[in-house]
Amino acid sequence: RNQIFKLSTGSKAFDKLLDGGIESMAITEVFGESGSGKTQLSHTLCVTAQMPGPNGYIGGKVIFIDTEHTFRTDRLRSIAYRFNLDENTVLENILCARAYTSEHQEAGVFKLLIVDSIIAHFRVDYYGRKEMAHRQHRLGQLMACLQKISEEYNIAIFITNQITSNLNNLEQGDPQQPVGGNILAHASTTRISLRKVLNGKRIAKVYDSPNLAANEVEFTVTSGGIDD
Ligand code: GTP
Ligand code: MG
């Protein structure tokens with residue numbers, strides 16, 4: 001129960017970039033432009049978290065906190081199909097936070113908690129410079145809570161984040177800046193940026209990590225989820 005495990009992204013290259021995958025007892029953040037694959041990666045992880053993996057990992061259940069109403073059971077079915085899993089069983093093992101029941105409270109069975117996205121409500125609820133300090137304080141409390149959960153229950157936390165639409169960054173040749181400021185930067189263990197390139201390909205790049213090199217790899221989004 002206390003051994004750290006890693007969850008596959010669905011892409012061998014992406015997993016290699018992450019030295020195996022999304023790690024438990026840590027918070028992994030992805031950010032990137034709309035359509036870059038954040039939600040598709042979230043859905044793929046919902047399925048791969050249920051499959052046995054290296055070092056005796058037996059698979060487990062998933063909590064999906066859907067703040068942008070992008071949770072899609074039909075996508076999960078097609079990803080489950082790709083991995084030869086029973087589609088209904090896969091769906092039963094995912095708790096979408098809008099449908100929480102007492103059955104779901106058993107500790108120890110959950111392996112992955114997804115928040116897609118961490119920032120959407122905060123950006124709407126706290127608007128403008130004056131409210132920024134308050135927003136950051138609340139965001140900090142939430143992240144501390146997630147960190148505690150990840151360590152206490154040995155689960156992987158996966159959050160998605162948005163990017164600034166600051167044209168100054170574009171001019172500096174770096175259009176992909178995560179929002180959430182220092183609070184998110186410090187709270188996330190590993191930060192990954194996603195972006196779209198030509199031919200429907202996408203690039204995942206390690207943006208900040210205590211142990212991973214700042215490399216990048218190409219991956220694709222398919223009907224079966226994230227792939228090479
Ligand atoms: P925002 O939430 O808008 O910021 O974007 P996101 O990063 O969450 O994007 P998302 O993961 O929703 O990616 C959507 C893109 O994935 C679509 O534009 C398609 O290019 C691709 N996609 C989604 N489903 C499929 C599928 O079944 N097959 C293929 N080939 N591509 C898909
Ligand atoms: Mg999304």
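Both ligands and their constituent atoms are indexed starting at 1 by order of listing. Position 1 is the first residue of the sequence; numbering continues from there.
Nearest non-hydrogen protein atom to atom 3 (O) of ligand 1 is Ser34 OG, 2.6 Å. In terms of protein heavy atoms, atom 29 (C) of ligand 1 is closest to Val221 O, 3.5 Å. The single protein non-hydrogen atom nearest to atom 11 (O) of ligand 1 is Gln40 N, 2.8 Å, given as residue, atom name and distance.
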Can you give the donor-acceptor pairs under 3.5 Å from side chains of residues 5-12 to other protein atoms, not counting sequence neighbours?
{"unit_1": "Lys6", "atom_1": "NZ", "unit_2": "Asp19", "atom_2": "O", "d": "2.9"}
{"unit_1": "Ser8", "atom_1": "OG", "unit_2": "Gly10", "atom_2": "N", "d": "3.0"}
{"unit_1": "Ser8", "atom_1": "OG", "unit_2": "Asp15", "atom_2": "OD2", "d": "2.7"}
{"unit_1": "Thr9", "atom_1": "OG1", "unit_2": "Ser11", "atom_2": "N", "d": "3.1"}
{"unit_1": "Thr9", "atom_1": "OG1", "unit_2": "Ser11", "atom_2": "O", "d": "3.2"}
{"unit_1": "Thr9", "atom_1": "OG1", "unit_2": "Asp15", "atom_2": "OD1", "d": "2.8"}
{"unit_1": "Ser11", "atom_1": "OG", "unit_2": "Ala13", "atom_2": "N", "d": "3.4"}
{"unit_1": "Ser11", "atom_1": "OG", "unit_2": "Phe14", "atom_2": "N", "d": "3.0"}
{"unit_1": "Ser11", "atom_1": "OG", "unit_2": "Asp228", "atom_2": "OD1", "d": "2.9"}

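Side-chain N or O atoms of Ser188 include none that pairs as donor or acceptor with a backbone N or O of Arg191 at under 3.5 Å. The closest donor-acceptor contact from the side chain of Thr164 to the backbone of Val179 lies at 3.5 Å or more, if one exists at all. Side-chain N or O atoms of Thr189 include one that pairs as donor or acceptor with a backbone N or O of Ile27 at under 3.5 Å. Counting only distance, with no hydrogens or angles, the side chain of Tyr57 and the backbone of Gln3 share no donor-acceptor pair below 3.5 Å. A donor-acceptor pair under 3.5 Å is absent between the side-chain atoms of Lys16 and the main chain of Val217, judged by distance alone.
Counting heavy atoms only, Thr39 comes closest to atom 12 (O) of ligand 1 of the residues Leu194, Thr39, Thr44, Ile163. Scanning Gln162, Arg195, Arg75 for the heavy atom closest to atom 24 (N) of ligand 1 points to Arg75. When the heavy-atom distances from atom 18 (O) of ligand 1 to Arg202, Lys196, Lys38 are ranked, the shortest goes to Arg202. Relative to atom 14 (C) of ligand 1, the option among Gly32, Gly35, Ser42, Ser117 with the closest non-hydrogen atom is Gly35.
Donor-acceptor pairing under 3.5 Å is lacking for the side chains of Glu33 and Gln162.
Counting only protein N, O or S atoms, 1 lie closer than 2.8 Å to the Mg ion (ligand 2).
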> Would Tyr127 and Arg135 count as a side-chain hydrogen bond (donor to acceptor under 3.5 Å, both in side chains) if you check the C-alpha gap in whole Å, the side-chain angles of each, and the deciding distance to 0.1 Å?
Replying inline: CA-CA 9 Å; Tyr127 190 79; Arg135 181 190 97 171; over 6 Å; no

>> Under the criterion salt bridge (charged side-chain N to carboxylate O under 4.0 Å, His left out), I'd like the reasoning laid out for Glu216 against Arg195: C-alpha separation, chi angles, the key distance, then a yes or no.
In response: CA-CA 11 Å; Glu216 58 179 44; Arg195 67 179 196 271; 3.7 Å; yes

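A salt bridge links Arg82 with Asp227: at least one charged nitrogen is closer than 4.0 Å to a carboxylate oxygen.
Listed by number with element, the atoms of ligand 1 under 4.0 Å from a non-hydrogen atom of Glu33 are 7 (O).
Put simply, no part of His43 is less than 4.0 Å from ligand 1, judged by heavy atoms.
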